[in-house]
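Remember, it's 1-based here, ligands and their atoms both numbered in the order they're listed. Quick note: residue numbers are just sequence positions, from 1. Just so you know, these numbers come straight off a predicted model, no measurement behind them.
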Amino acid sequence: MSSANANVLTLDDFDLEGKTVFVRADMNSSIDPRTGKIMDNSRIAEAAVTLRDLARSKVVVASHQGRVGGHDYVSLEQHARILEEYLGRPVKFVDDVMGRAALQEIRSLSDGEVLVLDNLRFAAEENFEFTIDEAMRTHFVRRLSSVIDFCVLDAFPTAHRAHPSIVGFAKVKPTMAGRLVMKELKSLRKIQSVMKAPFVTVLGGAKVRDRLEAMEALIQGGKADKILLTGLIALVFLKAVGKIKGKLNLQNEEQMVEKARTIYQKYDEKFELPEDLAVERNGERVELPVSSIEDPTQVRDIGSATVRRYVRLIKSAGTVFVSGPPGVFEDDRFSYGTYEILQATASSLGITIVSGGHLNAALQKLGVKDWIDYVSTAGGALVMYLAGKKMPMFEALAVSYETWSNVAKGRGGA
Ligand code: 3PG
């Protein structure tokens, strides 16, 4: 057992040759709403690292993709094909999660073969959160544990979710951290030892419910002196404070707006809101003051005055944390806000952290990825971790350590 890895078992702690290893990866990727195709392969590329180390095992790869009802709630068949390219060896796919077909495919794996199961969230239980003890009694964990020997948790971006595939195997099968999780933990440990105030967080992206939860956690954890709002979450706050009218076409919109209002009333001095926004008009980018926005669903980016103010705040930060894109940067007309925020972050003298697959792609396009101190594949999970929240995946790894370290290599076990 490597002492540096305190209470986490890793791939080095077991002899996995010839064994059936379930790997919970996170290959959840952005999907083009028009074509249904994957837009960014980075999470699949990262998943391949651990799988390369399991070249002599029978490997079962599992991941979720999107959320029920979303345009990105699709099968993992194309992920399997892309994974095959990164791994350089054949990857099987089964359009099943825990039914007879999946179990049959798993049982018939030979050493060195890799099988990708279909989208975990096609199984109902994977859309709910459980305690470790509840999760081990789910159909998913009971069925899968009848055909696997070990579980590897490598889905760092899903570390904040207590889903059966994340927490359910800890007491049932020796469960260890994958290479990606160890890499992220190492980087986080380093970055946390040098992070300093003032903490400036730029929040964007589309996952409003998560963002609302995260910002409270960051403020309460003393990790947000200023929160610069962009993207959809900015519109929710602008609506909450009465600066824009009109529908955002958001699920549970009233509830979200009400929650934003409560948070704003409690911590208003922490927040910076956009003063201007960019909308699409006759195919062109047009910038408008917030008071002139009639239909908020047409907003695609933050405006130049907002960018200038935010850039000044970023430059004065001790630590800058950017999570979620400020605009629809994939469209050149609306990339300005995202690129300027990332350029300012890259040039900041503070400690810089950028999170989430989307921004990863934007940093690469700008050629400044190496200028950022820590770039993570995780979005919500990273925010929760930095805010000091309990992370179900790490709790599961700690429970597995307590349960299985006596059977780990060097202790007379596996
Ligand atoms: C992410 O992209 O943040 C992770 O894959 C988790 O996805 P989720 O927010 O849909 O649980």
Using a 6.0 Å cut-off, check whether atom NZ of Lys196 has over 12 heavy atoms from anything other than its own residue.
yes
Considering only protein heavy atoms, which is closest to atom 7 (O) of ligand 1, and at what distance to one decimal place?
His64 NE2, 3.3 Å
Among Arg161, Lys207, Met27, Gln65, closest by heavy atom to atom 1 (C) of ligand 1 is Lys207
So if I count the atoms of ligand 1 from 1 in the order they appear, which ones are less than 4.0 Å from some heavy atom of Arg43?
1 (C), 2 (O), 4 (C), 5 (O)
Check this for me: does any side-chain nitrogen of one of Arg179 and Asp53 sit under 4.0 Å from a carboxylate oxygen of the other?
yes
Show which atoms of ligand 1 fall inside a sub-4.0 Å distance from at least one heavy-atom site of Asn28.
1 (C), 2 (O), 4 (C), 5 (O), 7 (O)
Given that the side chain starts at C-beta and the backbone is N, CA, C, O, which of these parts of His163 lies under 4.0 Å from ligand 1, counting heavy atoms, or is it both or neither?
neither
Between Asp210 and Arg67 (salt bridge meaning N to carboxylate O under 4.0 Å), is one present in this structure?
yes
Distance under 4.0 Å to a non-hydrogen atom of Arg121: what atoms of ligand 1 satisfy this?
8 (P), 10 (O), 11 (O)
In ligand 1, which numbered atoms sit nearer than 4.0 Å to a non-hydrogen atom of Asp210?
9 (O)
May I ask you to test the Leu382-Leu188 pair for a side-chain heavy-atom distance under 4.5 Å?
yes
Report, in ascending order of atom number, the atoms of ligand 1 lying under 4.0 Å from any heavy atom of Asp26.
4 (C), 5 (O)
Between Asp149 and Lys173 (salt bridge meaning N to carboxylate O under 4.0 Å), is one present in this structure?
no
Taking 4.0 angstrom as the limit, do Glu275 and Arg309 come out as a salt bridge?
yes
All salt bridge (Lys or Arg N to Asp or Glu O under 4.0 Å) counterparts of Lys270, not counting sequence neighbours:
none
If we set the cut-off at 4.0 Å for heavy atoms, which region of Arg209 has an atom near ligand 1: side chain, backbone, both, or neither?
neither
Please determine if Arg67 has a nitrogen or oxygen closer than 3.5 Å to a nitrogen or oxygen of ligand 1.
yes
